[in-house]
Amino acid sequence: MTYSTKQVMAMTDLSKDALRYYEQIGILNPVARDKNRYRMYSEDDVTWLQMVKLMRSMGVKAESFIGQQGSTLAERRVFTAQYQQEVRHQIEQLQRIDRQLTEKLAFLDHLQTGADVKSKEAH
């Protein structure tokens, strides 16, 4: 089955410009055309675009998908697992930063409490 640009836009929530851009830079393989030169997207195109959109919503850079549409399921799984590891590393970094900020806030609270006590003693 094939789909028109309008149908693919509805199925993927991507704009016509985004679809053309993805094709232009190689995220999407060249799309077949009908006799009137209108783009006709395949099931694979739509599935790929849905995956790209999902991964983009999770922060994966568009450039990561260039030339990858023909990748196997195993290759896609490896890519996804690698990205998950990157995300877990970022989470660890953010948790470390959060702990440091918590310590800094506690220190500032301690200083503020000490300053408040000294201020009350002076009166």
Side-chain angles (χ1 to χ4, degrees):
M1 179 162 201
T2 59
Y3 303 95
S4 69
T5 299
K6 191 172 188 175
Q7 289 171 314
V8 173
M9 289 170 56
M11 295 166 73
T12 63
D13 200 31
L14 292 168
S15 69
K16 185 187 296 187
D17 289 338
L19 293 172
R20 288 181 179 166
Y21 177 71
Y22 281 4
E23 185 179 359
Q24 180 184 15
I25 67 169
I27 290 174
L28 183 62
N29 291 340
V31 177
R33 308 283 183 130
D34 68 8
K35 64 181 179 176
N36 296 318
R37 305 285 303 142
Y38 291 113
R39 286 175 173 83
M40 296 304 297
Y41 296 85
S42 69
E43 292 272 352
D44 180 62
D45 292 334
V46 174
T47 301
W48 175 248
L49 288 166
Q50 289 169 333
M51 186 187 120
V52 169
K53 179 154 187 194
L54 173 67
M55 297 297 283
R56 295 274 299 124
S57 74
M58 291 187 282
V60 178
K61 295 180 181 176
E63 296 79 28
S64 301
F65 299 103
I66 294 174
Q68 299 299 313
Q69 185 175 358
S71 61
T72 65
L73 290 177
E75 291 167 331
R76 291 179 188 183
R77 188 183 188 297
V78 167
F79 174 83
T80 304
Q82 288 172 339
Y83 183 67
Q84 182 181 42
Q85 288 304 312
E86 289 177 33
V87 168
R88 287 179 175 170
H89 179 70
Q90 291 171 356
I91 289 169
E92 288 172 8
Q93 288 178 320
L94 290 171
Q95 287 173 332
R96 187 172 31 256
I97 291 168
D98 182 55
R99 284 190 300 273
Q100 291 170 335
L101 290 170
T102 299
E103 290 171 11
K104 181 67 172 178
L105 288 168
F107 176 73
L108 293 170
D109 289 345
H110 173 74
L111 291 178
Q112 181 66 44
T113 302
D116 289 346
V117 169
K118 287 180 183 178
S119 175
K120 286 179 185 177
E121 290 174 357
H123 289 355

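Position 1 is the first residue of the sequence, and the numbers go up from there.
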| message | Applying side chain to side chain donor-acceptor pair (under 3.5 Å), can you list everything that pairs with Arg77, at least two apart in sequence or on another chain? | response | none
| message | Which residues pass the side chain to side chain donor-acceptor pair (under 3.5 Å) test with Thr80, not counting sequence neighbours? | response |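 Side chain to side chain donor-acceptor pair (under 3.5 Å) check on Thr80 returns nothing, list empty.
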Which residues satisfy the salt bridge (Lys or Arg N to Asp or Glu O under 4.0 Å) test with [X], sequence neighbours excluded?
{"X": "Lys16", "result": "none"}
{"X": "Glu75", "result": "none"}
{"X": "Asp13", "result": "Lys53"}

| query | Roughly how far, to the nearest 0.5 Å, is CD of Gln7 from CE of Met1? | reply | 6.5 Å
| task | Nearest 0.5 Å please: distance from the CG atom of Asp98 over to the OG1 atom of Thr102. | result |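 If we round to the nearest 0.5 Å, Asp98:CG and Thr102:OG1 are 4.5 Å apart.
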| task | With sequence neighbours excluded, tell me which residues meet ring pair (Phe, Tyr, Trp, His ring centres under 6.0 Å) with Phe79. | result |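 So Phe79 forms a ring pair (Phe, Tyr, Trp, His ring centres under 6.0 Å) with Phe65.
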Please report the shortest heavy-atom distance between [X] and [Y], naming the atom on each side.
{"X": "Ile27", "Y": "Trp48", "answer": "O-NE1, 2.7 Å"}
{"X": "Arg37", "Y": "Arg33", "answer": "O-NH1, 3.0 Å"}
{"X": "Asn29", "Y": "Gln69", "answer": "N-OE1, 2.5 Å"}
{"X": "Met11", "Y": "Gln50", "answer": "O-NE2, 3.5 Å"}

Set of side-chain contact (heavy atoms from CB on, under 4.5 Å) partners for [X], sequence neighbours left out:
{"X": "Arg99", "answer": "Gln95, Arg96"}
{"X": "Ala10", "answer": "none"}
{"X": "Glu63", "answer": "Lys61, Ile66"}
{"X": "Thr2", "answer": "Met40"}

| task | Return yes if a side-chain donor-acceptor contact under 3.5 Å exists between Asp45 and Ser42, otherwise no. | result | yes
| Any donor-acceptor pair under 3.5 Å linking the side chain of Asn36 with the backbone of Tyr38? |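 No, the answer is negative, given that no donor and acceptor are paired below the 3.5 Å cut-off.
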Under 4.5 Å between side-chain heavy atoms, hopping through other hydrophobics if needed: is there a path connecting [X] to [Y]?
{"X": "Leu49", "Y": "Leu73", "answer": "no"}
{"X": "Leu94", "Y": "Val60", "answer": "no"}
{"X": "Met51", "Y": "Met58", "answer": "yes"}

| Any pair counted as side chain to side chain donor-acceptor pair (under 3.5 Å), so long as it reaches residues 83-93, sequence neighbours left out | His89-Gln93
| query | In terms of heavy-atom contacts, does CG of Leu108 have more than 12 from other residues, nucleotides or ligands at under 6.0 Å? | reply |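 Count over threshold, so yes.
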Donor-acceptor pairs under 3.5 angstrom involving side-chain atoms of residues 18-25: please list them, not counting sequence neighbours.
from  : atom 1 : to    : atom 2 : distance (Å)
Glu23 : OE1    : Arg39 : NE     : 2.7
Glu23 : OE2    : Val31 : N      : 2.9

